[in-house]
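For reference, the structure is listed below as structure tokens.
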Amino acid sequence: MDISYDHYKYFYYAARYGNITLAAEMMYSNQPNVTRAIKNLENELGCDLFNHSQRKFQITEEGQLFYQRAKEMLALYLTTLGEFGSPPR
């Protein structure tokens with residue numbers, strides 16, 4: 001499976017806001033798309049990024065590390081686009 005830029009953005013916003021629905025709104029998407037993207041990331045990485053067993057949406061230790069990496073990657077992506085004069089998506 002290929003992980004796309006959008007997978008990182010969905011995860012980033014879900015982790016940042018602690019809410020899948022809000023992440024979906026920020027991405028002009030819907031909750032099932034965000035949930036699916038996060039599940040695909042978890043399957044690809046072989047770990048849970050969020051605790052799915054509790055009613056409260058909570059990021060795991062692995063999720064915290066991945067959040068930091070995703071944040072760095074997204075910042076670098078936007079910087080690179082800016083260097084080449086491309087507008088961010």
Side-chain angles (χ1 to χ4, degrees):
M1 195 202 84
D2 292 324
I3 300 298
S4 73
Y5 172 69
D6 284 343
H7 284 85
Y8 288 96
K9 286 194 331 186
Y10 285 141
F11 169 79
Y12 171 79
Y13 282 117
R16 180 175 177 187
Y17 295 112
N19 185 298
I20 289 180
T21 302
L22 185 54
E25 290 174 9
M26 296 298 296
M27 292 285 299
Y28 303 101
S29 188
N30 57 51
Q31 184 270 332
N33 284 343
V34 175
T35 299
R36 190 176 313 108
I38 290 171
K39 201 50 144 166
N40 288 341
L41 274 172
E42 290 176 329
N43 288 337
E44 185 74 14
L45 296 171
C47 65
D48 288 335
L49 300 172
F50 294 99
N51 188 343
H52 300 282
S53 63
Q54 299 177 354
R55 289 183 80 70
K56 186 178 179 188
F57 187 72
Q58 190 173 24
I59 195 166
T60 63
E61 286 184 39
E62 292 90 351
Q64 285 285 351
L65 175 60
F66 191 75
Y67 174 73
Q68 292 304 317
R69 297 295 182 250
K71 188 174 162 182
E72 292 167 6
M73 189 276 307
L74 293 171
L76 180 59
Y77 177 79
L78 293 174
T79 299
T80 302
L81 287 180
E83 290 171 346
F84 288 92
S86 299
R89 302 187 301 140

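All values below come from the heavy atoms of this structure, side chains included, with hydrogens, waters and symmetry mates left out.
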Self-check item: salt bridge (charged side-chain N to carboxylate O under 4.0 Å, His left out) against Lys39, all qualifying residues, sequence neighbours excluded
Solution: Glu42
Practice problem: Just jot down the side-chain contact (heavy atoms from CB on, under 4.5 Å) partners of Ala24, sequence neighbours excluded, or say none. | Solution: Val34
Quiz item: Who are the salt bridge (charged side-chain N to carboxylate O under 4.0 Å, His left out) partners of Glu72, not counting sequence neighbours?
Solution: Arg69
Quiz item: Under a 4.5 Å cut-off applied to non-hydrogen side-chain atoms, are Arg36 and Asn40 in contact?
Solution: yes
Quiz item: Which value, rounded to the nearest 0.5 Å, describes the distance between Glu44 atom CD and His7 atom NE2?
Solution: 9.0 Å
Practice problem: Could you pull out the closest heavy-atom pair between Ala23 and Ala14, with the gap in Å? | Solution: CB-N, 3.4 Å
Quiz prompt | side-chain contact (heavy atoms from CB on, under 4.5 Å) between Ile59 and Phe11, worked out | solution = CA-CA 10 Å; Ile59 195 166; Phe11 169 79; 4.1 Å; yes
Quiz item: In chain order, what residues pass the ring pair (Phe, Tyr, Trp, His ring centres under 6.0 Å) check against Tyr10, with sequence neighbours excluded?
Solution: none
Quiz item: Do Leu65 and Leu45 belong together in a cluster built from hydrophobic side chains that touch within less than 4.5 Å?
Solution: no
Quiz item: For the residue pair Tyr67 and Ala15, what are the closest heavy atoms and their distance?
Solution: CD1-CB, 3.4 Å
Self-check item: Under the side-chain contact (heavy atoms from CB on, under 4.5 Å) test, residues paired with Glu25 that sit two or more places apart
Solution: Thr21, Leu22
Quiz prompt | Partner residues of Leu74 under the side-chain contact (heavy atoms from CB on, under 4.5 Å) criterion, sequence neighbours left out | solution = Tyr5, Tyr8, Lys9, Tyr12
